[in-house]
Structure formats: structure tokens, C-alpha cells
Amino acid sequence: MATENTTIYQDVVCDVDVFGSTTDRLLYLIMGGLVFFMHVGFPMLEAGTVNSKAVANILFKNFASLVFAVLGWFVSGYAFAFGDEFHGGKNQILGSRSFFLSSLDPCELPFFFFQLAFASTVVTIMSGSLASRPTMVATAVSAFLMSALIYPFVVHWSWSKNGFLHNGTHGTGYKDFAGAGVVHVVGGVASLVACIVSGARSFRLSSKSFKNYQPHSTPLLALGVFTISVSFLFFNGGAAARMSNTTDGVLGAVGLAMTNTLIGAASGYVVVILVHRHKTKLWSVVRGGNGMLAGLIGIAACAGYIYPWAAVVIGAISALGYYFSSMLLMRLKIDDAVDATSVHAVGGALSVIVSPLFYADTGVFYARSQHSLDQWGWNVVGIIVIILWVAISSFIIFLVLKALNVLRVEDMSARQGVDGIFHEELGYTISSELIAHSRLPKTNTFFGNLYERSHHPTQSITPVPSQLMGGTHRPFSRQSDGSRSSFSSMGNNVNIESNSNLNNDVISLDNQAETMPSSYRSNSKPRSNPLNYNQGTLLGNTKKFINFSGKTVV
């Protein structure tokens with residue numbers, strides 16, 4: 001006899017007045033799932049930005065940040081933020097029920113899921129700014145406490161119907177449509193505090209000008225920006241649920257929010273690339289991408305409250321705030337790896353402050369009333385409260401981690417490559433930098449510019465230790481001018497065949513032998529950028545190689 005399939009919530013009937021319509025709850029589930037897709041874009045953006053020796057570490061930490069954010073929101077985050085939201089609570093500071101989701105009404109689950117997507121975004125913003133610096137302990141602790149404690153207080157004050165910022169005075173309080181302040185300022189301010197307490201990466205401190213470094217993979221960074229941008233449509237669009245009592249009204253609100261989101265992103269991108277072009281005579285993929293993200297974040301404050309023309313202005317203001325604050329942080333030698341402080345904190349704060357000027361029909365530029373001025377004032381007060389709370393609470397957490405000596409990895413580990421040392425897993429099995437940036441004489445091989453073809457015996461180099469490399473890789477070859485050259489990594493060895501009669505010098509690398517031509521000597525012209533291996537640093541103007549042990553081998 002067949003058994004009927006059942007679930008524990010199959011007979012639930014939800015009160016529309018309390019939990020919203022079926023359309024609202026369906027939107028929460030769909031939009032929340034698509035917001036989670038940001039966690040595909042974040043690791044791509046971060047991995048493309050950092051050194052190639054930290055790619056695996058970035059991927060690992062993005063997994064860890066998401067996992068501990070989920071656990072923190074499950075344990076106490078939702079309870080502090082919205083525990084009393086649907087049950088008649090009156091506390092203006094924090095919620096007090098549904099810890100571990102106990103006593104949670106099943107009709108709340110779509111709302112819980114959607115808000116979890118926001119909480120995980122805050123944590124990822126914070127962790128990305130530190131790049132390869134934090135230890136696993138620091139990553140886990142900061143992610144959990146941000147999701148379980150720091151962020152939920154801001155959410156309750158700003159978005160709960162009982163929150164003191166939300167209620168304000170005389171029916172006018174803090175307004176933040178999709179979290180420009182609640183989500184992005186929180187994540188951005190925590191990023192700033194983390195970067196200050198942990199200190200800059202050693203290679204940036206060695207530069208007198210503290211210039212921005214080039215991303216190791218611009219395509220990866222660009223794909224990350226595009227992925228995050230697509231998810232942002234649902235980030236802002238999902239916040240439009242419950243803005244109308246009719247299905248048509250809800251869909252109209254979602255459409256307006258998504259349209260304004262795209263317009264703000266376009267405005268932010270155009271403004272930043274033009275300003276950067278004016279200052280440097282260059283078109284920058286990185287600056288343009290961050291300008292787009294700043295525009296998206298700016299519209300999060302007001303996506304459902306403004307006419308589309310205002311999205312152009314607000315997106316541009318947030319993007320300009322990002323650009324000039326990023327330059328200021330470099331002057332102050334604050335090492336924010338992905339410019340999270342400038343993009344999220346500055347872009348988000350500016351948009352929350354200026355948005356009430358542009359609210360459709362009720363903003364300061366429209367109504368010029370006491371109510372519109374009060375609304376603007378409460379948004380300013382709200383941003384100040386959020387910044388102070390996050391700065392103080394996160395400073396305590398990171399200071400304790402630093403005092404316990406678990407905040408960041410040692411500088412030597414970061415220089416040699418955290419991927420190989422802490423993971424024994426590499427982002428890339430063959431160093432693209434070895435191939436692309438070699439100072440050796442030029443040739444016309446498949447991989448480009450390795451050895452001169454005029455003299456030639458067979459040379460062999462082993463760029464990666466066999467225990468880290470793993471596997472067998474396909475050889476590549478190309479015929480050129482009647483002579484044969486090949487590049488292969490069969491069994492971890494890279495063989496380059498040519499007609500050169502150069503002598504060889506052997507440099508030791510983790511008990512492996514690496515052959516380099518004797519022309520690569522200290523009397524050659526100095527190179528401003530050293531040749532970076534996945535396993536260490538080959539100094540540009542000498543024959544020295546720093547291996548995992550920190551020793552310099554000649």
C-alpha cells in the first residue's frame with residue numbers, strides 16, 4: 001500500500017495580515033536564493049584582486065565566512081533582530097525569542113531565509129577586506145560574532161517595527177530600503193576597523209607611496225563584479241515585498257527597485273571611469289567595477305522610494321565617495337584589499353544621508369516640509385548610531401584577537417604564499433608569473449618570452465614542489481622557424497627545449513632542483529617588480545630565492 005508523502009508544515013495556514021501574502025513569502029524565498037548567489041561573485045572578485053599565492057586561501061575563507069554567518073544567524077542573530085517581530089514584542093533595543101529557531105512560526109521561515117542572505121553578505125564584506133591576513137580562528141570568530149551579535153542589533157533598531165531608530169519621533173524615523181546603512185555600512189565599518197587593527201600587509205608597507213597593487217587576474221575580478229551586480233537586482237528587489245496589498249502593486253514595486261538599481265550602477269560606473277581617466281589618462285577595469293558596486297550600494301538606501309532620474313544622481317554621489325575615500329585610505333596607509341571600506345561604508349553612508357532629499361513627492365526637494373526635514377535628520381542620526389556601534393564592538397573583538405595573537409598570519413607566511421603553507425593546495429599549479437614576467441632573453445615560444453633561441457641545449461626547471469603540484473599535465477609544443485620548442489609539465493617538470501648553449505646554475509627549492517641560465521645574474525639590470533613564484537619570491541636583481549623555510553638560497 002502506498003504511503004502518502006507528508007511534511008511537518010503541510011497543513012500550515014498563514015495569517016496574511018501578520019506574515020504577508022503568499023506572493024510576498026514566495027518573493028522572499030526566490031529573491032533570497034538569488035541574493036545568496038553573491039557568494040559566487042565575492043570569492044571571484046577577492047581572488048582576482050589578491051596575489052596569486054593567496055587564491056586558495058581566499059576561497060577557503062569565503063566558505064568559512066558563509067558557514068559561520070549561517071550558524072551565527074541561526075543561534076541568536078535572528079532572535080535578536082526579529083525574535084518579537086510577529087509575536088507582539090515591544091522591546092526597542094533587541095528581540096528576545098526564537099533562539100536556535102525554537103518557537104519559530106513556520107510562516108516566518110521565508111522571511112528568516114531572506115534575512116539570512118543579508119546577514120551572510122555583511123560577514124563576507126568584512127572578511128574580504130583583510131585578504132590573506134587573518135588566521136582561521138579570526139575568520140571564524142569574527143564571522144560568527146558579526147552575524148550573531150553586532151549586525152542583529154542594527155537590524156532590530158532600523159528594520160524591526162519596534163526599533164527605536166525605525167520609530168523615531170511623531171511617526172518619522174530612520175528609513176533604509178534595502179540596507180545601504182544596515183548591511184553595507186555595517187560591513188564597511190567593520191572592514192575599516194579590522195584593517196586598522198591588523199595592520200597593512202608587509203609588501204605594501206615597503207612601498208614609499210603605498211600605491212594600489214595590480215590584481216593578479218583582472219578577468220576573475222571582472223566576473224566577480226558582474227555576478228555580484230546581477231545578485232544585487234534581487235538584493236534590492238526583494239526588499240520591495242510587502243510594500244503593497246496587491247500582487248500587481250508588489251510586482252510594480254519590485255520592478256521599480258530593480259530598474260533604479262541598474263540605473264544607479266550605470267551612473268556609478270560612468271562617473272568613476274571618467275574621473276579616473278581625467279586623473280590618470282587610463283581606463284581602469286578595477287576602478288570602473290568598484291564604481292559600479294558603489295552605485296548599486298547607493299541605490300540600496302532608496303530603490304523603492306525614488307523616481308528613476310534620482311537614481312542617476314545618488315549612484316554618482318556614492319561612486320564619487322568611493323573613489324576619493326579610496327585615495328584617502330592609501331594616503332593614510334590603510335590596507336583594505338578590496339576597497340570594502342570605500343565602496344560599502346562610504347558609498348552606503350552617503351546614500352542614506354542624501355536619499356531623503358530625493359524621496360518621490362515627500363523628499364526635501366519636493367515637499368520642503370518639516371516632515372521631510374525630520375526624515376533627513378533621522379537618517380543622519382541613524383548612520384551616526386550605526387557607525388559608532390559597529391566601530392566600538394568590532395574594535396573590541398579584533399583587539400582581543402590581536403592580544404591573543406590569533407588575528408593574522410606571520411608576515412613571512414604571507415610573503416611566501418599562504419596557499420602552500422596553510423593549505424598545501426594552490427590556486428594555480430603552474431606559476432603564470434614565471435612565464436609572463438621572466439627577465440630571461442625573449443623568444444617566440446607558445447608561452448612567450450622564455451629563452452633565446454639562438455644557442456640551445458635542453459633546460460629543465462621545476463617551479464612547484466611535487467607534493468604540492470600533483471597530477472600530470474599535458475605538454476604543449478609549437479613549431480617556429482623550423483626549430484622545435486616545447487613546454488610541458490609531465491610529472492611536475494617543465495621542460496623547455498631550444499638550441500641554446502647557455503651554462504646552468506641550480507637554485508634549490510624545497511629539495512627540488514631548478515635550472516636557470518647563468519645570464520640571470522646579479523649584474524643584470526635591476527627589476528622594479530620581483531618575479532613571484534607560488535612558493536616564494538625570486539628576487540629580481542639577484543640569483544636568490546626565498547623558499548618556504550624563509551632561508552635565502554643562492
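This chain uses plain numbering: 1 for the first residue, then up along the sequence.
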Self-check item: Pairs flagged by salt bridge (charged side-chain N to carboxylate O under 4.0 Å, His left out) wherever residues 122-136 is involved - sequence neighbours left out
Solution: Arg133-Asp335

Exercise. Assess the pair Phe232 and Phe235: is the distance between their ring centroids shorter than 6.0 Å?
Key: yes

Exercise. List in chain and number order the residues that pass ring pair (Phe, Tyr, Trp, His ring centres under 6.0 Å) with Phe114, two or more places apart in sequence or in another chain; answer none if no residue qualifies.
Key: Tyr28, Phe118

Exercise. For residues 316-331, pull every pair meeting salt bridge (charged side-chain N to carboxylate O under 4.0 Å, His left out), keeping only residues two or more places apart or in separate chains.
Key: none

Quiz item: Tell me the ring-ring contact (aromatic ring centres under 6.0 Å, His included) pairs involving residues 327-346, sequence neighbours left out?
Solution: His184-His344

Self-check item: Stepwise side-chain hydrogen bond (donor to acceptor under 3.5 Å, both in side chains) test for Arg287 and Ser326
Solution: CA-CA 10 Å; Arg287 291 293 187 181; Ser326 174; 3.0 Å; yes

Quiz item: Who pairs with Phe144 by ring pair (Phe, Tyr, Trp, His ring centres under 6.0 Å), at least two apart in sequence or on another chain?
Solution: none

Quiz prompt | Counterpart residues, side-chain hydrogen bond (donor to acceptor under 3.5 Å, both in side chains), relative to Thr341 (two or more places apart) | solution = Asp336

Quiz item: Residues in side-chain contact (heavy atoms from CB on, under 4.5 Å) with Ile386, at least two apart?
Solution: Val154, Ser158, Tyr174, Val185, Val186, Val390

Quiz item: Looking at residues at least two apart in the chain, or sitting in another chain, which of them share a side-chain contact (heavy atoms from CB on, under 4.5 Å) with Leu116?
Solution: Phe36, Val70, Trp73, Phe112

Exercise. Hey, could you give me each pair passing side-chain hydrogen bond (donor to acceptor under 3.5 Å, both in side chains) that has a residue in residues 271-280? Not counting sequence neighbours.
Key: His276-Thr280, His276-Tyr323

Quiz item: Within the side chain of Asn236, is there an N or O that forms a donor-acceptor pair under 3.5 Å with the backbone of Met258?
Solution: no

Quiz item: Can you name the ring pair (Phe, Tyr, Trp, His ring centres under 6.0 Å) partners of Phe395, sequence neighbours left out?
Solution: none

Practice problem: Return the set of residues passing side-chain contact (heavy atoms from CB on, under 4.5 Å) with Ser217 (not counting sequence neighbours), or none when no residue passes. | Solution: Pro219, Leu220, Tyr428

Exercise. Sequence neighbours left out, what passes side-chain contact (heavy atoms from CB on, under 4.5 Å) with Thr49? Give chain and number order.
Key: Leu45, Tyr213, Leu221, Val338

